[in-house]
Amino acid sequence: MASQSEKRVHIATFGCQMNAYDSARMAGMLAQMGYAQVERPDQADLIVLNTCSVRHRAEEKVYSYVGELKRLKRERPWLLIGVGGCVAQQEGDSLLKRLPHLDFVFGPDALGSLPEMVTQAARGKRLALTSLGAPARPVDIIIPAEPGLKAMVTVMTGCDNFCSYCVVPYVRGRERSRTAGEILEEVAALVDAGVREITLLGQNVNSYRDPDGGLDFAGLLARVDQIKDLWRIRFTTSHPKDLGQGLTEALAGLDKVMEQLHLPAQSGSDRMLKAMNRGYTRAQYLDLVRRLREMVPQVALGGDIIVGFPGETRQDFEQTLSMLEEVGYDFLYSFKYSDRPFTRAGRLEGKLDDETKGRRLVELQALQRVLGLQEHQAQAGRVEEVLVEGPAKHGQGLMSGRSRAGRVVNFPGPPELAGRLAMVRITQGRENSLLGELASATGER
Ligand code: SAH
Ligand code: SF4
Ligand code: F3S
């Protein structure tokens, strides 16, 4: 419980894992200013939103959330409200004009100035800091007091790819890699604090380059792989056009690098891929998948698909459906195309109506449910190494964890297994998880 004198902050996080990572850093900086985190906005003296603008609906969510805070501010006039993240970057100080109950606005690169903005806001000064580029002030490495088994570390920010539908390059700026030294230091500190699995984050990790010395992403993985007491490494996202032989070899050869890859295709139609500015063809993508499966037979693939991109015909869409069948994704995120500010696709002709997009999405997701279930059923009989996280959400007496390929595995077992590796024989594949039984003694690896 927070003491009377303690200040309290509620951080509301929207969007991708990079925002989740940034929110943890915000929490760390605010803790140094004496702010304890609280679960509910109505308990807070400060509310910070970390926002996402990737689709129209994501942005709408932010406005409706901010709207509701008006009432809270009437009840608690000292309450400070700040908006950060991608909507803040996109809208800048116009947010302060439109929403008089907001106290400050800050883009992703102004994160390090958060303490100063809070201080200024408390004095009645409403700031909007949204210049992109070198961070205004570097943010110290922040290790949470109780970090848990798994943690994320951002290795690069921004994106240079300018896929024609995507707002990210405009709201996150150009690609910038962190130094390998800083990343390794952060991972090592997390492992010291008890973390056993690290997910390395970037919009396109394949184009990572250490600004000190030029190490590439495969090289970085090799270095992280050597950190003692770290058990598992995952990473996301991989852009198909930049996935080279080196990374495939790292997946195949480095023991701690898990056999899981998020490799968004976005469409199975060459015409659409070109209009999306993705930089590969369907054949090149499928070839990449084939090579990956040759070298890393157990790899589980994840994808992202956009349906109803401007000009998408039924035939284009069917090419996407058939590509799903050829690839066999383990997990798939799928979206209706959404117009975004600044983007080239936003200015294209041939927009599809919402109903058509909706129907295609339903059809795609129905197919993926069948295909995903098949992938999962094919796991039956295998013995999988599972990092046990704790009791399963559903099912009494079941423990839950993830396999190396990232699949959720539930199995009967004692609670003492939490935090350990267990070998589990898979007995059944379900739509979103696998069921199994404990196969052998467990260890700390
Ligand atoms: N950097 C990652 C993706 C980041 S955005 C990559 O390139 O794979 C996450 C996903 O949101 C994208 O892969 C895409 O499928 C989806 N997305 C991005 N912009 C979109 C838009 N305007 N409409 C619908 N979906 C979009
Ligand atoms: Fe957006 Fe494309 Fe960059 Fe991914 S690679 S963040 S989809 S521009
Ligand atoms: Fe959203 Fe920004 Fe991430 S737009 S997906 S929070 S980079």
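Atoms within each ligand, like the ligands themselves, are counted from 1 in listed order. When a residue number appears, it is its place in the shown sequence, counting from 1.
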Inset, instruction - Measure Tyr165 to ligand 2 on non-hydrogen atoms and call it side chain, backbone, both or neither using the 4.0 Å cut-off. - result: side chain
Legend entry - Shortest protein heavy-atom distance from atom 3 (Fe) of ligand 3, along with the residue and atom involved: Cys16 SG, 2.3 Å
Inset, instruction - Indicate whether any N or O donor in one side chain lies under 3.5 Å from an N or O acceptor in the other, for Asp242 and Asn204. - result: yes
Legend entry - Cationic tip of Arg55 above Phe335 ring, under 6.0 Å, 45° of axis: yes
Inset, instruction - Output yes when the distance from some N or O of ligand 1 to some N or O of Tyr337 is under 3.5 Å, and no in every other case. - result: no
Legend entry - Parallel, tilted or perpendicular: rings of Phe331 and His262 (30°, 60°): tilted
Inset, instruction - Please state whether the rings of Phe342 and Tyr170 are parallel, tilted or perpendicular, taking 30° and 60° as the class boundaries. - result: tilted
Inset, instruction - Ignoring hydrogens and angles, state whether a donor on the side chain of Gln43 or Arg8 is under 3.5 Å from an acceptor on the partner side chain. - result: no
Legend entry - Shortest protein heavy-atom distance from atom 2 (Fe) of ligand 3, along with the residue and atom involved: Cys86 SG, 2.2 Å
Inset, instruction - Tell me, please: is Ile306 in heavy-atom contact with ligand 1, that is, under 4.0 Å? - result: yes
Inset, instruction - Answer yes if the side chains of Glu175 and Ser207 hold a donor-acceptor pair under 3.5 Å, and no otherwise. - result: yes
Inset, instruction - Identify, for atom 4 (S) of ligand 3, the protein heavy atom at the shortest distance, and state residue, atom and that distance. - result: Ser53 N, 3.3 Å
Legend entry - Residue Val168 vicinity, atoms of ligand 2 by number, heavy atom under 4.0 Å: 6 (S)
Legend entry - Under 3.5 Å donor-acceptor, Arg282 side chain and Gly268 backbone: yes
Legend entry - ligand 1 to Gln266 polar contact by distance, N or O atoms, under 3.5 Å: yes
Inset, instruction - Indicate, as side chain, backbone, both or neither, the part of Cys159 found under 4.0 angstrom from ligand 2 when only non-hydrogen atoms are considered. - result: side chain
Inset, instruction - Please check if the side chain of Tyr208 supplies one atom and the backbone of Gly202 the other of a donor-acceptor pair under 3.5 Å. - result: no
Inset, instruction - Could you tell me whether a side-chain N or O of Asn50 sits under 3.5 Å from a main-chain N or O of Asn19, the two making a donor and an acceptor? - result: yes
Legend entry - Per-atom contacts of ligand 2 with Arg278, taking only distances under 4.0 Å to non-hydrogen atoms: 2 (Fe), 7 (S)
Inset, instruction - Would you mind running through ligand 2 and noting each atom that sits below 4.0 Å from a heavy atom of Pro169? - result: 8 (S)
Legend entry - Gln89 and Thr130 side chains, donor-acceptor separation under 3.5 Å: no
Legend entry - Closest approach of any protein heavy atom to atom 8 (S) of ligand 2, naming residue and atom: Cys163 N, 3.4 Å
Inset, instruction - Hey, can you tell me if Tyr285 and Tyr329 have their rings parallel, tilted or perpendicular (30° and 60° cut-offs)? - result: tilted
Legend entry - Protein residue, atom and distance nearest to atom 19 (N) of ligand 1, heavy-atom basis: Tyr165 CD1, 3.3 Å
Legend entry - Heavy-atom nearest neighbour of atom 6 (S) of ligand 3 within options Val171, Leu201, Val87, Asn19: Asn19
Inset, instruction - Provide the number and element of each atom of ligand 1 under 4.0 Å from a heavy atom of Gln203. - result: 1 (N), 2 (C), 3 (C), 4 (C)
Inset, instruction - Is it possible for you to check whether Lys7 lies under 6.0 Å from the centre of the six-membered ring of Tyr35, through NZ or CZ, and within 45° of that ring's axis? - result: yes
Inset, instruction - Give a yes/no on ligand 3: does Gln203 have at least one heavy atom closer than 4.0 angstrom to it? - result: yes
Legend entry - Heavy atom of the protein closest to atom 9 (C) of ligand 1 (residue, atom name, distance): Asp304 OD2, 3.8 Å
Legend entry - Thr343 side-chain N/O to Cys166 backbone N/O, donor-acceptor pair under 3.5 Å: no
Inset, instruction - If you have a sec, work out which protein heavy atom is nearest atom 6 (C) of ligand 1 and how many Å separate them, to one decimal? - result: Thr237 CG2, 3.8 Å
Legend entry - Cys166: numbered ligand 2 atoms lying under 4.0 Å from its heavy atoms: 1 (Fe), 6 (S), 7 (S), 8 (S)
Inset, instruction - Could you list which atoms of ligand 1 come closer than 4.0 Å to a heavy atom of Arg55? - result: 11 (O), 16 (C), 17 (N), 23 (N), 24 (C), 25 (N), 26 (C)
Legend entry - His239 neighbourhood, listing ligand 2 atoms whose heavy-atom distance to it stays under 4.0 Å: 5 (S)
Legend entry - Within-shell test, Arg172 vs ligand 3, heavy atom, strictly < 4.0 Å: yes
Legend entry - Proximal atoms of ligand 2 relative to Phe162 (non-hydrogen, under 4.0 Å): 8 (S)
Inset, instruction - Could you tell me whether Arg178 and Asp210 have a side-chain N and a carboxylate O separated by less than 4.0 Å? - result: no
Inset, instruction - Around atom 23 (N) of ligand 1, find the nearest protein heavy atom and jot down its residue, atom name and distance. - result: Ser338 N, 3.0 Å
Inset, instruction - Please determine if atom 2 (Fe) of ligand 3 has an N/O/S atom from Cys52 lying under 2.8 Å away. - result: no
Legend entry - Protein contact of atom 24 (C) of ligand 1 - nearest heavy atom, named by residue and atom, plus distance: Lys336 O, 3.3 Å
Inset, instruction - Compute whether any side-chain donor of one residue and acceptor of the other, for Gln90 and Ser53, lie under 3.5 angstrom apart. - result: yes
Inset, instruction - May I ask you to check whether Asn432 and His376 show a side-chain donor-acceptor distance below 3.5 Å? - result: no
Legend entry - Which of the ligand 1 atoms, numbered from 1, are nearer than 4.0 Å to a heavy atom of Pro264: 8 (O)
Inset, instruction - Starting from atom 5 (S) of ligand 2, locate the nearest protein heavy atom and write down its residue, its atom name and how far away it is, to 0.1 Å. - result: Asn161 ND2, 3.4 Å
Inset, instruction - Examine the side chains of Arg407 and Gln379 and answer whether a donor and an acceptor come within less than 3.5 Å of each other. - result: yes
Inset, instruction - Among all protein heavy atoms, pick the one closest to atom 7 (O) of ligand 1 and tell me residue, atom and distance. - result: Arg278 NH1, 3.5 Å
Legend entry - Contact check, Gly85 vs ligand 3, heavy-atom distance below 4.0 Å: no
Legend entry - Lys241-Asn161 side chain donor-acceptor pair, cut-off 3.5 Å: yes
Inset, instruction - Determine whether the side chain, the backbone, both or neither of Val54 has a heavy atom under 4.0 Å from any heavy atom of ligand 1. - result: both
Legend entry - Numbered atoms and elements of ligand 1 in range of Arg340, under 4.0 angstrom, heavy atoms: 22 (N)
